[in-house]
Amino acid sequence: MLLIVMHESGIWRVRPGQVVTFGRGPGATIRLPAADRGVSRSAGSLGFGEGAWWLRNDSSASVLFVCGDRGFRVDLPPGMRTPVQQWHAKIRLPGLLGCYTLRLRLPGLDDLPEPGPAAAPGGTAAASPTGEHLVTSTRRRPPLNEADRLILAARFEHYLNWRHTGPAVPRSAKQTADRIGWRPHTVAKRCENIRDRYARLGVPGLRGPRALEELAMLLISTGELTADDLRRLPHQAYPGHSAA
């Protein structure tokens with residue numbers, strides 16, 4: 001079962017047999033700011049065992065805060081572990097200089113059968129899936145046309161391009177328009193329309209100041225947007241690479 005771990009510094013796709021560690025130590029898979037002494041050198045780890053992914057708090061004093069997309073919440077003390085069994089969860093690590101978030105997704109849950117019209121206990125109809133669970137089904141994902149993919153690839157290019165250094169952030173509407181030769185207003189309206197399509201399915205987090213970051217994480221983690229979409233962009237040379 002694949003596990004996707006997302007942080008502002010990158011995206012990691014982890015399979016059983018691999019372990020992802022995070023903290024401010026130099027050996028961590030996901031490096032958090034070394035200057036923030038409020039974060040442990042070895043803050044935690046994620047590994048597969050007993051048929052599930054497990055989050056372990058590897059620090060000696062700090063608490064990890066975990067919340068899932070269905071209301072699940074755990075304050076994980078040092079030395080303890082908990083299974084990650086929801087399609088979408090967040091790990092929060094408070095430090096002295098800031099609060100850091102890792103986002104987890106289990107796209108393997110896409111393989112679960114969709115609920116049918118069977119009645120729930122008591123004779124009432126079973127509830128339909130809501131929120132991000134709707135997006136895990138390919139048949140329920142809003143279709144993206146060629147223009148959508150062009151704009152999204154340009155706006156989220158930093159997330160998709162391995163040559164990019166530093167934190168991945170969405171481009172502004174003007175920067176995106178300059179990248180593909182469109183008008184900023186058209187880019188902004190098109191992205192707003194895409195967000196609205198997912199929001200109508202009940203996907204949370206697509207409103208407010210972090211809406212674009214959440215959209216990027218959603219599209220990339222579900223495989224709806226991939227590095228292959230970068231081929232749609234006009235060629236651009238990168239430092240250290242020729243513009244062949």
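Heads up: numbering here begins at 1 and tracks the sequence.
- One distance of note links CD1 of I91 with NE2 of H7; it measures 11.0 Å at 0.5 Å rounding.
- Taking CZ of R183 as the start and CZ of R190 as the end, the distance is 14.0 Å to the nearest 0.5 Å.
- Checking side-chain atoms of T176 against main-chain N and O of S172 turns up a donor-acceptor pair under 3.5 Å.
- For the pair W182 and T186, the tightest heavy-atom approach, listed with the atom from each and the gap, is CE3-CG2, 3.6 Å.
- Residues P170 and Y159 form a side-chain contact, since some pair of their non-hydrogen atoms from C-beta on lies under 4.5 Å apart.
- Here the CH2 atom belonging to W53 is positioned 5.0 Å from the CG atom belonging to L3, to the nearest 0.5 angstrom.
- In this structure, L97 and P33 have side chains that are not in contact, with every pair of non-hydrogen atoms separated by 4.5 Å or more.
- By the 4.0 Å N-to-carboxylate-O rule, E214 lies too far from R207 to be salt-bridged with it.
- The two residues A173 and P184 come nearest to each other via the heavy atoms CB-O, 3.8 Å.
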Under the criterion side-chain contact (heavy atoms from CB on, under 4.5 Å), I'd like the reasoning laid out for R179 against L233: C-alpha separation, chi angles, the key distance, then a yes or no. CA-CA 8 Å; R179 180 74 175 90; L233 300 177; 3.8 Å; yes

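- Side-chain contact between L206 and L212 is absent, with no heavy-atom pair separated by less than 4.5 Å.
- For the atom pair CD (E8) and OG1 (T101), the distance works out to 9.0 Å, reported to the nearest 0.5 Å.
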Using the rule given for side-chain contact (heavy atoms from CB on, under 4.5 Å), can you reason through N57 versus M80, listing the C-alpha separation, both sets of side-chain angles and the distance that settles it, and then say yes or no? CA-CA 6 Å; N57 186 339; M80 300 296 290; 5.5 Å; no

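- Rounded to the nearest 0.5 Å, atoms CG (L93) and OG (S59) are 8.5 Å apart.
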Please evaluate residues R103 and E213 with respect to the criterion salt bridge (charged side-chain N to carboxylate O under 4.0 Å, His left out), reporting the C-alpha separation (whole Å), side-chain torsions for both, the decisive distance (0.1 Å), and the verdict. CA-CA 11 Å; R103 292 174 170 82; E213 289 92 334; over 6 Å; no

Donor-acceptor pairs under 3.5 angstrom involving side-chain atoms of residues 16-32: please list them, not counting sequence neighbours.
from : atom 1 : to  : atom 2 : distance (Å)
Q18  : OE1    : R15 : N      : 2.7
T21  : OG1    : T29 : N      : 3.0
T21  : OG1    : T29 : OG1    : 3.3
R24  : NE     : V39 : O      : 2.6
T29  : OG1    : T21 : N      : 3.2
R31  : NE     : G25 : O      : 2.9

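- The distance from the CZ atom of R105 to the CG atom of L2 is 12.5 Å, given to the nearest 0.5 Å.
- Here K174 pairs with D178 in a salt bridge; the nearest charged N to carboxylate O distance falls below 4.0 Å.
- Taking a cutoff of 4.0 Å between a charged side-chain nitrogen and a carboxylate oxygen, R231 and E146 do not qualify as a salt bridge.
- For the pair D36 (side chain) and L96 (backbone), a donor-acceptor distance under 3.5 Å is present.
- Residues R56 and L76 fail the side-chain proximity criterion, which asks for heavy atoms closer than 4.5 Å.
- In this structure, C191 and I151 approach most closely via the heavy-atom pair SG-CG2, 3.6 Å.
- Within the 4.5 Å cutoff, no side-chain heavy atoms of W54 are placed close to those of V84.
- In this structure, the side chains of I4 and W12 stay at 4.5 Å or more apart for every pair of heavy atoms.
- Linking ILVMFWY residues whenever their side-chain heavy atoms come closer than 4.5 Å, directly or via other members, leaves F65 and L102 in distinct clusters.
- Side-chain contact between L64 and R92: absent, with no pair of heavy atoms (C-beta onward) separated by less than 4.5 Å.
- A salt bridge does not link R232 with D148: none of the charged nitrogens is closer than 4.0 Å to a carboxylate oxygen.
- Note on V66: it does not cluster hydrophobically with V63, by side-chain heavy-atom contacts below 4.5 Å among ILVMFWY residues.
- The backbone N or O of L225 lies less than 3.5 Å from no partner atom in the side chain of R149, so there is not a single donor-acceptor pair.
- Looking at E50 and R81, a side-chain N of the basic residue comes within less than 4.0 Å of a carboxylate O on the acidic one, giving a salt bridge.
- A distance-only check finds a donor-acceptor pair linking the side chain of R197 to the backbone of P143 [under 3.5 Å].
- Residues S40 and S62 have side chains in contact (heavy-atom distance under 4.5 Å, counting atoms from C-beta outward).
- Residues L230 and A153 share a closest heavy-atom pair of CD2-O, 3.9 Å.
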Would you sort out whether E192 and R155 count as a salt bridge (charged side-chain N to carboxylate O under 4.0 Å, His left out), showing the intermediate values? CA-CA 12 Å; E192 181 180 348; R155 197 146 204 185; over 6 Å; no

